[in-house]
Protein chains: 2
Amino acid sequence: MQGPVKAPTIYDVARAAGVAASTVSRAFARPGRVNAATAERIRRAAAELGYRTGPLARAHDAGRTSMIALVLSDVTNPFYNEIIRGAQAAAAEAGYTVLLTDAQESGEREREALQRTMSTVEGIVLATSRMADPAIRAVARQRPVIVLNRVLTDLPCVVTDNRGGMRRAVEHLAELGHRRVTYAAGPQASWADAMRWWALREAAAELGLQARRIGPFAPVVAGGARAAAELCRGPVTAVVAYNDLMAIGVIRALSAAGVRVPEDTSVVGFDNIFAAELVTPALTTVAAPLHAMGFAAVRNLLAHTRGARTGSNEPVRLPSRLVVRASTGRGSG
Amino acid sequence: MQGPVKAPTIYDVARAAGVAASTVSRAFARPGRVNAATAERIRRAAAELGYRTGPLARAHDAGRTSMIALVLSDVTNPFYNEIIRGAQAAAAEAGYTVLLTDAQESGEREREALQRTMSTVEGIVLATSRMADPAIRAVARQRPVIVLNRVLTDLPCVVTDNRGGMRRAVEHLAELGHRRVTYAAGPQASWADAMRWWALREAAAELGLQARRIGPFAPVVAGGARAAAELCRGPVTAVVAYNDLMAIGVIRALSAAGVRVPEDTSVVGFDNIFAAELVTPALTTVAAPLHAMGFAAVRNLLAHTRGARTGSNEPVRLPSRLVVRASTGRGSG
DNA sequence: ATGAAAGCGCTAACAG
DNA sequence: CTGTTAGCGCTTTCAT
């Protein structure tokens, strides 16, 4: 057993090949400017030693890495699909590459990953961060940051109009004759969750509905199923879930329990993910302009990166709309 | 208009704050070890100049970045979900962080992203790469690489047993009384696609079924729908799709066209993605040990990274199994 | 075509 | 607590 041997440097190769380090460097970077024979000797020596260009040195003085990081709370969540695409589109437009970082729903992991990534990127988009405000500000001190789905004063943010979307959803439910709504809450650390519940209460109050809240639950199908269990206690005719994944969970669990959707109870989701129209019944949901959000985020970020002494940092608020499908129907009153 | 001004260095800050560069460094890295007042002055100066720690310098001498890259042909594809989780698990175990890179189904983008990322990571997992073999080998010369879902001689690979899986699927169909199978092909650049079609032919021949192939199609729901259109020409009782997404597309399009699944035609997918059990009818599919693949890949990679003079490079072949659900049924013969 | 030497921006080791 | 002095591994002048 030897333990990890120190990786060979360019100097080791130089020595082995009997040339100067600078020549080795050239041999790799500008093969044309070096004697074919010498180049060959160098290549051979390099291969022999298993030489690899050091992790961070090469670009050391280039200064620009042309990369930005997009940090997601959970890559696995289809919610991010379009956001990612939007971000990539904006990045490509400017010749940048997007590095994806997964926080695995943990503020801790997010911090750690960020710490490692930070130094290699020119800017960072925090999508639905699970970190606390101060941690985010700390990051922002190191690199230009733009926050998605959350508002922090003095930091550039891009959010959807949760309030308007929720309003539309509740109106829809009211029009169908429902007299009370239950909100199945998502993660506590989620800024959006707080906004949605708040918005639902407001809308319900104004429209004369009764509002109730259960949760929090994990923002995944299983979480929705758990919500459904709690739901059954008490007369529920309409539920709005934190997101589509949960809504799907609710529908499935409800159906399994013999409750018909939408005849017995209506279900509304949030986000309009791809699977929303795949399930049966197809999900009525509040659609966020996902692609546009990703795009706007990176656009803004790049502007800041280019040194734009940040002007006003009013959060960019993108509109959302209600997509009515089959999971909502007449309420019994 | 000024153009991007050269970014301020740690020295600029030091000068502005009237301290030594090392002190500035400390102020950022170990805030405790520096006089509060001095730290404050430094922070102020840094903020004033808009100073940010240089992209690649910080870890410069650490040598190890503790990061590996996982390159995906399409992050958006749920197929990768468990692979990602597996990779992260193995990485975490070794104190590494996984950087996700999306090739957006393009060999070109993959190359470019890789070029930028490469220097910052210690190793690379290429999952379902869209690059040509030589390009992959070129990357492997720069960093330890391990290839997923594809076999390249002399490079460490991790693949699933496509052959066995397909065999099981065809047997299943045969047992149900089907006399012919159609394969709806995926992307041409896909190594797995070639393997699957080949395996289907082999199995069909041995079991006395007729095999047909249509495609290629994009490996997404829309692609499956397009496949279904072609399917309708000719008497088809059983189809195996390149992956679950396509299979779902096939089912939906078929249903829309009045063809019942599985009564009229049976559909089998590949991968057993999350949505497979969500759709109606639930999808019969060949399940790959996704999590295990991601895990094994990173494990191996890390071993190579630690300098293990690569021994035998026999591809690691993980077993797959058939998950029978509702999309397959009795064939009319 | 090649070598010597001077950095790149930052951190660590060692004195004060 | 803070300044000085060496590098980190590689690239880039500038000679030769």
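In what follows, every heavy atom counts, from backbone to side chain, and hydrogens, waters and symmetry copies are set aside. Remember, predicted model here, so these are calculated numbers, not experimental data. Chain identifiers are assigned alphabetically (A, B, ...) following the order of the sequence lines, protein sequences preceding nucleic acid strands; residue numbering begins at 1 within each chain.
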J.: Could you give the CG-to-C1' distance, from A:Asp12 to D:dC10, as a whole number of Å?
T.: 13 Å

J.: Could you pull out all residues at least two apart from A:Arg317 that satisfy salt bridge (charged side-chain N to carboxylate O under 4.0 Å, His left out)?
T.: none

J.: Quickly, which of A:Val147, A:Leu99, A:Val145, A:Thr101 forms a side chain to side chain contact (heavy atoms under 4.5 Å, CB included) with A:Ile124? Name it, please.
T.: A:Val145

J.: Using whole Å, what does the distance between atom P of nucleotide D:dC10 and atom CD1 of A:Ile42 come to?
T.: 13 Å

J.: Please list all pairs passing the salt bridge (Lys or Arg N to Asp or Glu O under 4.0 Å) test where one or both residues lie in residues 94-110 of chain B, with sequence neighbours left out.
T.: A:Arg85-B:Asp102, B:Glu105-B:Arg130

J.: Can you measure A:Gln142 atom CD to C:dG9 atom P for me and round it to whole angstrom units?
T.: 17 Å

J.: Excluding sequence neighbours, so at least two apart, what forms salt bridge (charged side-chain N to carboxylate O under 4.0 Å, His left out) with A:Glu82?
T.: none

J.: CG of B:Asn35 versus P of D:dG3: gap in Å, rounded?
T.: 10 Å

J.: Expressed in angstrom and rounded to an integer, what is the separation of A:Tyr51 atom OH from D:dG9 atom P?
T.: 10 Å

J.: Of the listed nucleotides (D:dT11, D:dC10, D:dT2), which one gets closest to any side-chain atom of A:Thr9?
T.: D:dC10

J.: Does anything in residues 13-23 of chain B come within less than 4.0 Å of DNA chain D? Heavy atoms only, and list the residues if so.
T.: B:Val19, B:Ala20, B:Ser22, B:Thr23

J.: Roughly, in whole Å, what's the span from OH in A:Tyr11 to P in D:dC10?
T.: 8 Å

J.: Are B:Arg30 and C:dA12 close enough that a side-chain N or O sits under 4.0 Å from OP1 or OP2?
T.: yes

J.: Starting at CZ of A:Phe28 and ending at P of D:dT11, how long is that distance when rounded to a whole Å?
T.: 9 Å

J.: So, OP1 or OP2 of D:dG9: does either fall under 4.0 Å of a side-chain N or O from A:Ser25?
T.: no

J.: For the helix from C:dA1-D:dT16 to C:dG16-D:dC1, measure the angle between the helix axis at one end and the axis at the other, each built from five pairs, rounding to 10°.
T.: 30°

J.: Answer whether the closest heavy-atom distance between the side chains of A:Val159 and A:Trp191 falls below 4.5 Å.
T.: yes

J.: Want to settle it: does A:Ile10 or A:Arg26 sit nearer the 5' end of DNA chain D, counting the closest nucleotide to each?
T.: A:Ile10

J.: What I want to find out is whether B:Arg150 reaches B:Asp133 closely enough, with some N-O distance under 4.0 Å, to be called a salt bridge.
T.: yes

J.: Of all residues at least two apart in sequence or in a different chain, which pass the side-chain contact (heavy atoms from CB on, under 4.5 Å) check with A:Thr38?
T.: A:Val19, A:Thr23, A:Val34, A:Asn35, A:Arg41, A:Ile42

J.: Under a 4.0 Å threshold between the charged nitrogen and the carboxylate oxygen, would A:Glu40 count as salt-bridged to A:Arg44?
T.: yes

J.: Quick one: does B:Glu122's side chain have a donor or acceptor within less than 3.5 Å of a partner on B:Ser66's backbone?
T.: yes

